[in-house]
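Heads up: the structure comes next, in structure tokens.
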Amino acid sequence: MAVQRKQFPFSEFEPKWQQRWLDEGAFRAANPGEPGFDANKPKYYVLDMFPYPSGEGLHVGHVEGYTATDIIARFKRLRGFNVLHPMGWDAFGLPAEQFAIKTGQHPRVTTERNVDRFRAQLQGIGFSYDWDREISTTDPKYFRWTQWIFLKLYNSWFNPETQKAEPIETYKGDNADSVRLAYVSEQPVNWCPALGTVLANEEVIDGKSEVGGHPVERRPLRQWVLRITAFAERLIDELDGLDWPEGIKLLQKNWIGRSEGASVTFGLEGASETIEVFTTRPDTLFGATYLVLAPEHTLVDQITTAEQRDAVEAYKRQVASKSDLERTELAKEKTGVFTGAYAINPVNGARIPIWTADYVLTGYGTGAIMAVPAHDERDWEFATKFQLPIIPVVAPADGSQPDTSAVFVGEGIAINSAPIEGLPTKEAKARITAWLEEKGIGHGTINYKLRDWLFSRQRYWGEPFPILWEEGRHRALPDTELPLVQPEMEDFKPTGSPEPPLSKATDWVQYSEKARRETNTMPQWAGSCWYYLRFCDPLNPERFVGTDAENYWMDAGKPGGVDLYVGGTEHAVLHLLYARFWHKVLFDLGYISTREPFQRLVNQGMILGPDEQKMSKSRGNVVNPDSVISEYGADSLRLYEMFMGPLEQSKPWSMKGVEGVYRFLGRVWRLAMEETQEGDWTISPALVEADLTPAQLRVVHATIKKVTEDIDGFAFNTAISQMMVCTNEFVNASPRPVAVLRTLLVLLSPFAPHIADELWALLATKFSGFHGRASSQAWPVWSEEYLAVSEAEYVVQVNGKLRDRLVVPKDAPQAEIEAKALALEKVQESITGKTVVKIIIVPNKLINIVAK
RNA sequence: CGGCGCGUGGCGAAAUGGCAGACGCAGCAGACUUAAAAUCUGCUGGAGGAAACUCCGUGCGGGUUCGAGUCCCGCCGCGCCGACCA
């Protein structure tokens with residue numbers, strides 16, 4: 001590669017300033033009670049989604065979000081805020097463990113190496129983190145408190161009366177274990193033989209593991225589960241006070257999937273058992289012509305008749321062997337078999353057949369449905385295929401006859417339904433539900449798609465559960481024994497069975513003569529559920545976060561504590577939902593001061609490769625931030641990522657674009673510096689202490705205004721454009737007033753902090769008014785008086801079409817503008833033969849003459 | 001299949017309902033240079049015209065409005081996410 005002369009010596013001054021900021025503790029945030037804490041300053045907590053320190057190193061996608069928050073953090077500091085801007089590592093997780101298994105190296109070693117690399121990369125971009133607050137989820141001093149919070153969940157229950165988490169002691173029932181927020185449950189889980197672990201539903205994509213893409217099968221296992229469903233209602237309702245993108249709120253609501261309906265009890269013909277079904281359309285009960293049980297439903301075996309047994313068994317085997325992908329295949333044919341049994345419809349005594357089919361899911365509702373083929377598409381398809389009766393019970397509201405040849409899923413008027421005959425759907429639902437309750441055969445209920453959170457993993461590299469087992473019963477490990485650290489092991493491979501690797505550490509497992517330790521570990525989500533709290537007070541040995549620190553940084557008189565949280569949409573549902581859940585439990589128990597963790601959420605868009613495809617190793621279109629830095633410098637990298645386009649939008653990378661902002665920084669550099677014959681840089685002799693012309697003043701103040709407003713509005717790309725405009729204005733000015741740099745360098749410093757501080761320091765050697773650093777000044781203020789113009793240029797339109805322009809004194813009277821506009825030759829041409837019916841004037845901007 | 005988002009020059013983009021294309025990239029021409037690179041200056045949506053200028057133009061069709069890239073309705077295309085949740 002041809003070595004090109006650098007436009008400015010970034011490779012010398014960038015590392016110098018990074019070191020100096022670290023040495024000076026330039027971005028340390030003082031906590032209440034610490035030296036340097038100023039109680040008069042308002043607080044601002046700006047947080048990045050901390051990274052998993054992979055072996056790949058930092059990605060340009062990370063840099064985008066991190067640069068945006070760094071600009072905000074630096075801007076807020078200059079505006080007089082006490083800013084908390086921390087960084088840490090979400091360092092437990094599968095890749096480190098997989099690598100460890102392959103190479104035999106302890107995951108701690110590779111994790112530390114990756115963390116060092118990430119830290120060096122982040123520092124090489126000049127992010128203004130308070131590195132004294134760095135935390136890692138794998139640090140026992142950190143996960144001690146992850147385990148402590150788990151014990152809080154274990155020792156709490158959700159009181160339906162208060163709608164809050166409470167200590168388990170307030171529970172008056174006889175089986176506390178049945179209500180704990182952390183509980184043990186035998187349930188079918190996603191078992192991945194290749195990874196040797198179970199996975200959460202969310203970690204399974206199309207029947208394959210999210211990590212590695214290995215096949216996943218279903219198996220019943222004893223698991224730790226967190227009772228997140230108890231908070232479903234609040235997790236929906238309390239989104240209301242948050243400044244999140246509406247789309248993300250919607251995603252969360254849909255994920256939780258609240259639906260109102262009724263639970264109805266069907267009797268079995270010739271048996272005492274009953275079948276509960278959930279329906280959102282109780283008004284269609286009279287149209288229920290058969291029932292369907294999920295193949296996994298426990299009643300299937302009991303009710304199946306001798307003649308049907310072989311068919312049902314065969315069907316169950318067939319379903320069990322299907323992968324999740326095959327089962328959810330789109331546009332697939334409905335399948336199912338008749339069990340031979342019949343149920344009695346409790347509203348009309350009708351005898352209806354009971355089928356089993358895999359279009360009914362075992363995990364939702366009761367795993368059984370009443371089928372109303374006339375008014376449900378799935379039931380319609382099924383009934384049509386197996387020739388089951390279809391009885392319409394809802395007529396279209398427009399009074400037209402029900403069309404029995406097609407399914408009608410809309411609302412309408414109830415027909416063929418004695419107690420609710422003629423009622424519109426909404427009323428019919430309410431009436432029939434009340435009627436069901438009266439008769440004791442059903443009741444109104446609410447169902448959620450959200451399932452409780454499967455919380456255990458059969459892995460080594462995660463937080464061990466602080467739980468002991470004795471005689472088949474579990475109990476909490478005493479707080480005093482936290483942190484519970486994984487045992488040192490030579491062999492941390494999965495056992496290949498669902499038995500976790502920790503079970504191989506027999507000495508560690510044997511807690512006492514009778515008690516054994518739990519050998520599962522927690523999922524990666526655990527550590528990221530509360531890290532934002534630890535950042536407030538990362539070294540506290542007494543508490544997961546000190547009360548004063550938590551109150552100060554998290555409480556801004558709003559529902560959420562963190563003022564700004566930036567990260568990718570991939571965490572829109574899970575991480576954010578899990579963190580909100582833990583937060584609410586800690587809030588209910590009185591440990592923290594806000595009901596929500598994150599007040600404002602912003603999602604950065606994806607950065608695509610130059611080919612407009614998602615960056616990936618296999619496509620070979622990955623852009624490495626290190627190579628950009630070595631060629632153009634960290635400031636160029638930062639600036640380009642912000643100049644590409646709106647933060648939330650996805651956009652392709654372009655090296656030519658990097659060169660563009662690099663050239664801009666070169667122009668800024670040459671505003672102040674000039675190259676000597678010998679190739680050294682010296683302060684430009686054109687630079688003098690002189691007044692700015694009115695035009696220059698206008699540009700400078702317009703720039704202050706636009707940059708200030710655009711940072712506030714997250715429009716970093718247009719803020720940069722304006723700084724380019726300002727720079728272009730001065731590039732050829734000679735003499736060149738040095739005052740412009742006193743302002744421009746401060747405006748530039750959040751975006752390109754190295755060059756701003758470097759030029760500031762160089763100018764201080766010759767000019768007054770350059771004290772301290774550019775990045776420690778007060779943010780400039782604009783004056784409208786410099787922006788004011790004495791003349792206004794009007795756009796003159798006739799019938800909305802541009803015809804001419806008109807220059808008049810600013811704020812000229814309307815009559816004068818009208819007269820002058822009408823007198824214009826081009827206006828006359830276009831209105832001859834017409835009558836002027838109306839004239840619209842937008843002051844100092846536009847006049848529109850409407851003529852017919 | 002459903003939900004959400006997005007469609008503006010050769011490209012990334014900009015535009016409180018009020019001059020479409022700021023700023024940058026690429027391209028063309030010029031200055032500087034022995035030459036090139038770098039830098040600086042000018043031009044750069046399309047069609048027509050020697051020019052002044054004219055007409056057309058924000059995916060397509062309709063609507064609201066004095067005025068629509070922007071708001072409303074319907075379509076088409078692309079992207080992301082969820083997918084039989086009764």
Side-chain angles (χ1 to χ4, degrees), chain A residues 2 4-7 206 245-248 250-251 254-255 257-259 261 277-281 284 288 292 327-332 334 357-361 363-372 375-379 381-382 409 447-451 569-570 572-573 605-606 608 610 612 614 639-640 643-646 648-661 663-664 666-667 670 675 706 715 717-725 727-728 731-732 793-805 826 837-842 845-852:
Chain A
Q4 190 180 295
R5 181 85 172 80
K6 290 192 179 83
Q7 296 230 356
D206 291 341
E246 282 308 315
I248 300 295
L250 198 65
L251 275 176
N254 290 344
W255 187 264
R258 180 185 197 276
S259 57
V277 304
F278 172 73
T279 177
T280 56
R281 292 295 299 270
T284 62
V292 186
R327 219 173 140 160
T328 59
E329 197 89 57
L330 43 133
K332 77 171 176 111
K334 295 264 180 299
D358 69 355
Y359 82 90
V360 173
L361 307 176
Y364 183 76
T366 59
I369 62 153
M370 64 176 206
V372 185
H375 305 293
D376 181 282
E377 264 178 70
R378 296 152 298 184
D379 298 343
E381 251 179 73
F382 192 80
V409 297
N447 238 302
Y448 301 94
K449 276 202 288 190
L450 183 71
R451 316 287 155 84
T569 342
E570 65 271 22
V573 176
M606 206 187 317
L608 307 170
E612 304 226 19
K614 218 171 181 166
L639 209 60
Y640 173 64
F643 188 62
M644 292 172 82
E648 294 90 337
Q649 195 168 299
S650 60
K651 50 235 164 212
W653 187 272
S654 150
M655 274 304 170
K656 287 291 184 188
V658 182
E659 281 180 37
V661 296
R663 280 202 282 262
F664 160 65
R667 280 200 298 280
R670 289 191 307 273
E675 199 168 10
K706 183 140 182 70
N717 53 333
T718 49
I720 294 166
S721 296
Q722 183 61 38
M723 289 190 279
M724 289 173 168
V725 169
T727 303
N728 292 345
V731 112
N732 285 316
E793 188 185 46
Y794 274 82
V795 170
V796 182
Q797 297 181 340
V798 176
N799 292 334
K801 282 199 172 188
L802 177 69
R803 288 301 168 199
D804 205 351
R805 285 152 209 281
K826 290 191 178 130
V837 290
K838 197 172 179 182
I839 296 181
I840 287 128
I841 293 184
V842 182
K845 258 191 174 170
L846 174 143
I847 173 166
N848 187 15
I849 297 159
V850 186
K852 279 184 185 164

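Please read these numbers as outputs of a predicted model, since none were measured by experiment. Protein chains get the first letters and strands the later ones, always in sequence-line order, with residue 1 at the start of each. Just the heavy atoms: all of them, side chains too, but no hydrogens, waters or symmetry mates, feed the values below.
- Comparing A:K826 and A:F278 against RNA chain B, the residue whose closest nucleotide sits nearer the 5' end is A:K826.
- Contact annotation for A:V725: backbone-only contact, meaning every heavy-atom pair under 4.0 Å involves sugar-phosphate atoms and none involves a base.
- Using a 4.0 Å heavy-atom distance criterion, A:K801 is classed as a sugar-phosphate-only contact.
- Checking B:G2 for Watson-Crick or G-U wobble geometry (two distances, each under 3.5 Å) identifies B:C81 as its partner.
- Contact annotation: A:K838 side-chain N/O to B:C66 OP1/OP2 distance is under 4.0 Å.
- Within 4.0 Å (heavy atoms only), A:R803 reaches sugar-phosphate atoms of the nucleic acid but no base atom.
- Residue-level contact check: A:S259 touches the backbone only, with heavy atoms under 4.0 Å from sugar-phosphate atoms and none from bases.
- Residue A:V850 is in sugar-phosphate contact alone, with no base atom involved, counting any heavy-atom pair closer than 4.0 Å across all strands shown.
- Here A:T280 lies in heavy-atom contact (under 4.0 Å) with sugar-phosphate atoms only.
- Backbone-only contact: A:N732 has heavy atoms under 4.0 Å from sugar-phosphate atoms and none from a base.
- For B:G48, the paired base is B:C53 (Watson-Crick or G-U wobble, both distances below 3.5 Å).
- If you check every strand for non-hydrogen atoms under 4.0 Å, A:D379 touches nothing.
- Within 4.0 Å of A:Q797, counting heavy atoms only, lies at least one base atom of the nucleic acid.
- Along RNA chain B, the nucleotide nearest A:R281 and the nucleotide nearest A:N728 are compared for position; the residue whose nucleotide lies closer to the 5' end is A:N728.
- Checking B:A22, B:C81, B:G18 against the side-chain heavy atoms of A:T718 singles out B:A22 as nearest.
- Residue contacts for A:I369: at a heavy-atom cut-off of 4.0 Å it reaches a base atom on one of the strands shown.
- Searching all strands for a Watson-Crick or G-U wobble partner of B:U41 with both distances below 3.5 Å returns B:A29.
- Residue A:K614 has its side chain nearest to B:C81 when only B:G24, B:C81, B:C66 are considered.
- Between A:Y364 and the phosphate of B:A86, there is a side-chain N or O to OP1/OP2 separation shorter than 4.0 Å.
- Pairing of B:A20, defined by two Watson-Crick or G-U wobble distances under 3.5 Å, is not identified with any nucleotide.
- When heavy atoms are screened at a 4.0 angstrom cut-off, A:K449 is found touching base atoms of the nucleic acid.
- Among the heavy atoms of the strands lying under 4.0 Å from A:R667 are primed sugar atoms or P, OP1, OP2 only; no base atom is included.
- Taking every side-chain heavy atom of A:R663 into account, B:A26 is the closest of B:G12, B:A26, B:A38.
- For B:U64, there is no paired base (Watson-Crick or G-U wobble, both distances below 3.5 Å).
- Side-chain atoms of A:S721 and base atoms of B:A22 include a donor and an acceptor less than 3.5 Å apart.
- The partner of B:G69 cannot be assigned: no Watson-Crick or G-U wobble pair with both contacts below 3.5 Å exists in any strand.
- A 6.0 Å sphere centred on CD of A:E648 holds more than 12 heavy atoms belonging to other residues, nucleotides or ligands.
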